[in-house]
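Here's the structure, in structure tokens; my notes come after.
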Amino acid sequence: MALAWLPQVATARHPRWSITRWGVLLLQVASRQGDGPAREIFPSADEPSKVFEPFFRRHEREIFGYLWRLTSDEQAAHDLSQETFVRAWQRFAKISAYEQPRAWLFRVATNLALNYRRGRATPIRSTMELNEEAHPVGGDPAPRLAQDDLVHRALGALPPRQRAALVLREVYGFSCEEVAAALDTSLGAAKTMLWRGREQFRVRYLNEEEQL
Amino acid sequence: MSAQTIPSCTLSLPVETLSAWHDGALDAAETQRVGAHAETCPGCRARLAAYERAGRALRMQQPPEPGDQLWRDVQHSFIAVPRDPETTRGRRRLLGGMGALAAVLLLAVGFAQVFHAHTPPTGGPPASVPTQSVHIEPVATPGPQMRYVPLVTTAAGVDDHLAPIDPTARFQPGMTVYLVASVRGAPAGHEHTITVRWFIDGQDTEIPPSISMKTVSGDANVYFTLTYPVAGVGMAKVYFDAPPVSTVSAPSDQYLAATVVFLVQQGGPPAPRS
């Protein structure tokens, strides 16, 4: 692979596995099973698929799309979606009994996305990756791409909580009460986030749309 | 703070009120009052039309598809992530002894695979056990700055086939660092996980996706990305077949396959070629 130009790259090879090391590990795990952490080993490798996959399939596109809208980053959306569904699996017996498990998923996803954004010192990237599936080859993709890019940038300029509130309300049809629950805030605060986010988005989006 | 009002509105209606009406979040009396007013007020009608237009644009935005990898990654996490004790207590009683045995068996299988994967054979190999050693060659590269340029569609950058990389680019704060893990010698027919943990100045970046995981079946080039917000010494640890946990838990260094170090510099010099 002709990538030798890369700077300051150092690689450290994998330490050789030793039987002693594995033996210690096996003993540690075996000895923890009695009163150790609540680690569950499935009796069948198919079990998670059987019980959880229908739930996952029902919600994966929404959750992934929502996290992509909040983070503007496909990789982050993937990782945070994974974390959301892993948490759902951990509490699946409870969640599946909820009337609205979807609301629970969105609440977790919102928390993860807000924490993710809090850890970033730089503003959200305004670049976007070409999505061939969403923008199939054929015809002129430029207007559609320009429109998506515009929405992306206008949304990215909002404070994170306003962004989440607006997307939950406008894209996913959450009521104000549901927005408040997802953001773990009061109804009044949620309404304020909504109107401020909506106003800011409106100004940015419509002003720039006129220049397209 | 004085309330922001709708321009040209005959009632000087607060924006907050019209927005709440748009959301159906007013009580019945207010809903009726604002609705009746908005029908005849040009300012309010214009603002509501703008809300509709902006909302439609939001709804029409098309996110990418999650892809099959997401389900595979979630599935891999099932094994290692403990479930809520309250929801699993009953089952754990049933599984108590069996769990310990299963854990040992599971790790024994992992041991066999990894040990053989990383250790050159000394004799005739069993037919089902791959013999070549796994080699992961990670490189960190700035970019790609996948950028939408109006009227010119570009999709240049790193993908699974190692698209060209700009060799003059630098690692700078705010730039996406791509780590390409070129996996060679991974036993085919099994899924293997490549996990990457990102650091800055020796500390965990503490932000998802500070830990990312992808799955490969046999040899593959996989890439991971992280945008470093600040300058410093960046580092990525690459793990092979580490038990997948979650994106916020750290894998054990026992599974460390390689480490890549790079400098993130504010206005740093161009990357030297060698």
Next on the checklist: Would the distance check show the side chain of A/Lys191 and the main-chain N or O of B/Glu16 forming a donor-acceptor pair, the cut-off being under 3.5 Å?
Outcome noted: no

Checklist outcome for this item: Listed by number, the residues in residues 164-172 of chain A that come under 4.5 Å of chain B (heavy atom to heavy atom) are A/Leu166, A/Arg169, A/Glu170, A/Val171

Checklist entry - How close do B/Arg53 and A/Tyr205 get, heavy atom to heavy atom, and via which atoms? => result O-CE2, 4.3 Å

Checklist entry - Under a 4.5 Å cut-off applied to non-hydrogen side-chain atoms, are B/Val74 and A/Trp89 in contact? => result no

Item to check | Within-4.5 Å side-chain heavy-atom neighbours: B/Asp73 and A/His78 | outcome: yes

Checklist entry - Would you say A/Arg61 has more than 12 foreign heavy atoms packed within less than 6.0 Å of its CZ? => result no

Checklist entry - Under a 4.5 Å cut-off applied to non-hydrogen side-chain atoms, are A/Trp195 and B/Asp23 in contact? => result no

Next on the checklist: Side chains of A/Trp68 and B/Pro66, heavy atoms from C-beta outward: is any pair under 4.5 Å?
Outcome noted: no

Checklist entry - By a 4.5 Å heavy-atom criterion (distance strictly below it), what part of A/Leu187 contacts chain B: side chain, backbone, both, or neither? => result neither

Checklist entry - Mind checking whether B/Trp71 and A/Phe52 have parallel, tilted or perpendicular rings, split at 30° and 60°? => result parallel

Next on the checklist: Tell me the closest heavy-atom pair linking B/Leu70 and A/Glu60, and the distance in Å.
Outcome noted: CD2-OE1, 4.4 Å

Item to check | B/Arg47 side chain reached by A/Arg202 side chain, heavy atoms, under 4.5 Å | outcome: yes

Checklist outcome for this item: Those residues at least two apart in sequence (or on a different chain) that pass ring-ring contact (aromatic ring centres under 6.0 Å, His included) with B/Tyr51 are B/His22

Item to check | A/Arg69 portion near chain B, given a 4.5 angstrom heavy-atom threshold | outcome: side chain

Checklist outcome for this item: Rounded to the nearest 0.5 angstrom, the CG-CE distance for A/Asp148 and B/Met60 is 8.5 Å

Item to check | Beyond-backbone contact of A/Glu199 with B/Ser19, side-chain heavy atoms, under 4.5 angstrom | outcome: no

Checklist entry - From B/Glu65 CD over to A/Glu74 CD, what is the distance, rounded to the nearest 0.5 angstrom? => result 10.0 Å

